[in-house]
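The structure under discussion appears below in the form of structure tokens.
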Amino acid sequence: MRKAWLVGGAVGGCGAGFVGLLVVGTFVASSSISGGASAAVGLAAGAVPAAYAPLVERFGNSCSAISEPLLAAQLYQESGWNPTARSPANAFGMAQFLMSTWAAHGVDGDGDGDRDIFDPADAIASAAAYDCELAKNVSHVPGDVTANMLAAYNAGTYAVIKNNGVPPYKETQNYVERITTLAKSFAKPVGRVAPTAQAAGAINFAQGKLGLPYLWGGNGTAEQGGRFDCSGLTQAAYRSVGVELPRVANDQYNAGPHPSRNELLPGDLVFFSNDLNDSRAIHHVGIYVGGGYMIDAPHTGAKIRFDKIDSPDYFGATRVTQAGAASLPTDLPASA
């Protein structure tokens, strides 16, 4: 839902020429951008919920096999930051430990004298400690130590040792790829973030929806008159170019790396949050078209239109990538 600072009908009435000029102008201004992001250093601002960011920063460098973004990605993949998560396999807490594994490897992360599987401080500290223990156990195995560590987390140490690296199990290979890819969405980019090939197509789709009335929960179906809400529009726009995003805006934020405000390119998703320190508090998303404007589905009673992005609740942006979108979890466990 958008707030009262939205631009009115004069902007919303602009036609194809307006967005075309914005896109061309922004790409010309950004023509010096080349290559992808460098290795991650620290967390992207607000990517980890504010309540948990200090814990991830504290324990995310416990050994060389892990980093703050990697630990964040692992916790998000396991539970979506849900401290009371419980899976059908009876794994519990934010780090999704089995009780038997917790009994052997759980640690008292906050020093309060107990090891509580549902306490985020204990769960995050334990996930990092267990990662480091696994990394040590497979340190003699050929290949990348972080990939082998993640494989051991998923399939067990013996499977990694037996196979001289990541075992040929589809689930485990997918787990390793998802976590290492997802880590990029939690990382603070060191350099410029590379443009993506799908951006122009996503904008073209969104531009074709200008003027349609907003519909809460709208996915653009015939039964809904082709109408959308904010994240329904962005999901459909990227689906039109073969990229499958989650349905909810705060999950779409993790679909790629995060360019800064002065590095935005057309096609980037731009987000707005009730808490500028917490991506889980994101309440709105639009598609950037250049010149400080986005196409968005604002709120009930409004139409899909152009709006300015600069506002007090502007949170940040995501440059959607195919791999980033594919890495997002789709089957997070329920609360215990």
Side-chain angles (χ1 to χ4, degrees), residues 2-3 5-37 44-45 185 189 191-212 214 228 230-243 245 249 252-253 255-273 282 284-299 302-322 324-325:
R2 299 299 282 145
K3 295 186 178 179
W5 51 263
L6 292 169
V7 177
V11 173
C14 294
F18 178 76
V19 69
L21 288 172
L22 288 176
V23 170
V24 171
T26 303
F27 270 116
V28 169
S30 305
S31 60
S32 62
I33 296 178
S34 62
S185 80
R192 298 265 184 180
V193 181
T196 59
Q198 296 93 348
I203 291 174
N204 184 63
F205 179 94
Q207 186 178 349
K209 306 304 177 184
L210 287 167
L212 285 175
Y214 174 96
F228 297 93
C230 66
S231 56
L233 176 64
T234 51
Q235 183 188 52
Y238 268 94
R239 180 179 288 154
S240 74
V241 291
V243 178
L245 291 171
Q252 292 180 1
Y253 180 75
H258 308 296
S260 63
R261 171 65 182 84
N262 64 355
E263 294 172 346
L264 290 178
L265 289 177
D268 290 345
L269 297 186
V270 284
F271 296 88
F272 305 83
S273 181
I282 286 170
H284 189 65
V285 59
I287 300 178
Y288 188 65
V289 296
Y293 284 89
M294 64 179 170
I295 296 174
D296 69 326
H299 56 76
K303 296 179 179 180
I304 295 175
R305 65 195 189 189
F306 295 105
D307 278 314
K308 288 183 177 180
I309 70 166
D310 291 318
S311 71
D313 60 343
Y314 176 77
F315 181 81
T318 296
R319 189 151 298 157
V320 175
T321 67
Q322 185 101 39

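In this structure, Ile287 CD1 and Leu233 CG are separated by 5.0 Å, a value rounded to the nearest 0.5 Å. Atom CD1 of Ile282 sits about 7.0 Å away from atom OG1 of Thr318, to the nearest 0.5 Å. Rounding to the nearest 0.5 Å gives a distance of 4.5 Å between CD of Glu263 and CZ of Arg192. For the atom pair CZ of Arg319 and CG of Leu265, the computed distance is 4.0 Å after rounding to the nearest 0.5 Å. Atom CG of residue Leu212 and atom CZ of residue Arg305 lie 13.5 Å apart, to the nearest 0.5 angstrom. If you take OG1 on Thr196 and CD on Gln322, they are separated by 10.0 Å, rounding to the nearest 0.5 Å.
In plain terms, the two heavy atoms of Ala199 and Pro266 that are nearest each other are CB-O, 3.3 Å. What you find for Ala249 and Phe271 is that their closest heavy atoms are O-CE2, 3.3 Å. Between Val193 and Pro257, the closest heavy-atom pair is CG1-CG, 3.3 Å. Shown here for Ser273 and Phe315, the closest heavy-atom pair between the two residues is CB-CD1, 3.6 Å. When every heavy atom of Ala297 is checked against every heavy atom of Cys230, the shortest pair comes out as O-CB, 3.5 Å. Nearest heavy-atom pair, Gly256 versus Ser185, reported as atom, atom and distance to 0.1 Å: O-CB, 3.3 Å.
Checking Gln252 against Ser231 by side-chain atom types alone, no donor-acceptor pair falls below 3.5 Å.
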Do Phe228 and Thr234 pass the side chain to side chain contact (heavy atoms under 4.5 Å, CB included) test, and can you show the C-alpha distance, the side-chain angles, and the key distance before you say yes or no?
CA-CA 9 Å; Phe228 297 93; Thr234 51; over 6 Å; no
Taking it one step at a time, do Leu269 and Leu245 satisfy side chain to side chain contact (heavy atoms under 4.5 Å, CB included)?
CA-CA 11 Å; Leu269 297 186; Leu245 291 171; 4.0 Å; yes
One pair to check against side chain to side chain contact (heavy atoms under 4.5 Å, CB included): Ile295 and Leu210. What are the steps and the verdict?
CA-CA 8 Å; Ile295 296 174; Leu210 287 167; 4.0 Å; yes
In sequence, state the C-alpha distance, the side-chain angles, and the governing distance for Tyr293 and Lys308, and then conclude on side chain to side chain contact (heavy atoms under 4.5 Å, CB included).
CA-CA 4 Å; Tyr293 284 89; Lys308 288 183 177 180; 3.4 Å; yes
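Without hydrogens or angle criteria, Tyr288 side chain to Gly292 main chain gives a donor-acceptor distance under 3.5 Å.
Below 30°, between 30° and 60°, or above 60°: for His258 and Tyr253 the angle between ring planes is below 30°, a parallel geometry.
Each of Leu264, Asp296, Asp310, Val285 was checked for a side-chain contact (heavy atoms from CB on, under 4.5 Å) with Val270, and the lone residue meeting it is Leu264.
Scored by the side-chain hydrogen bond (donor to acceptor under 3.5 Å, both in side chains) test, Ser240 finds no partners at all (sequence neighbours excluded).
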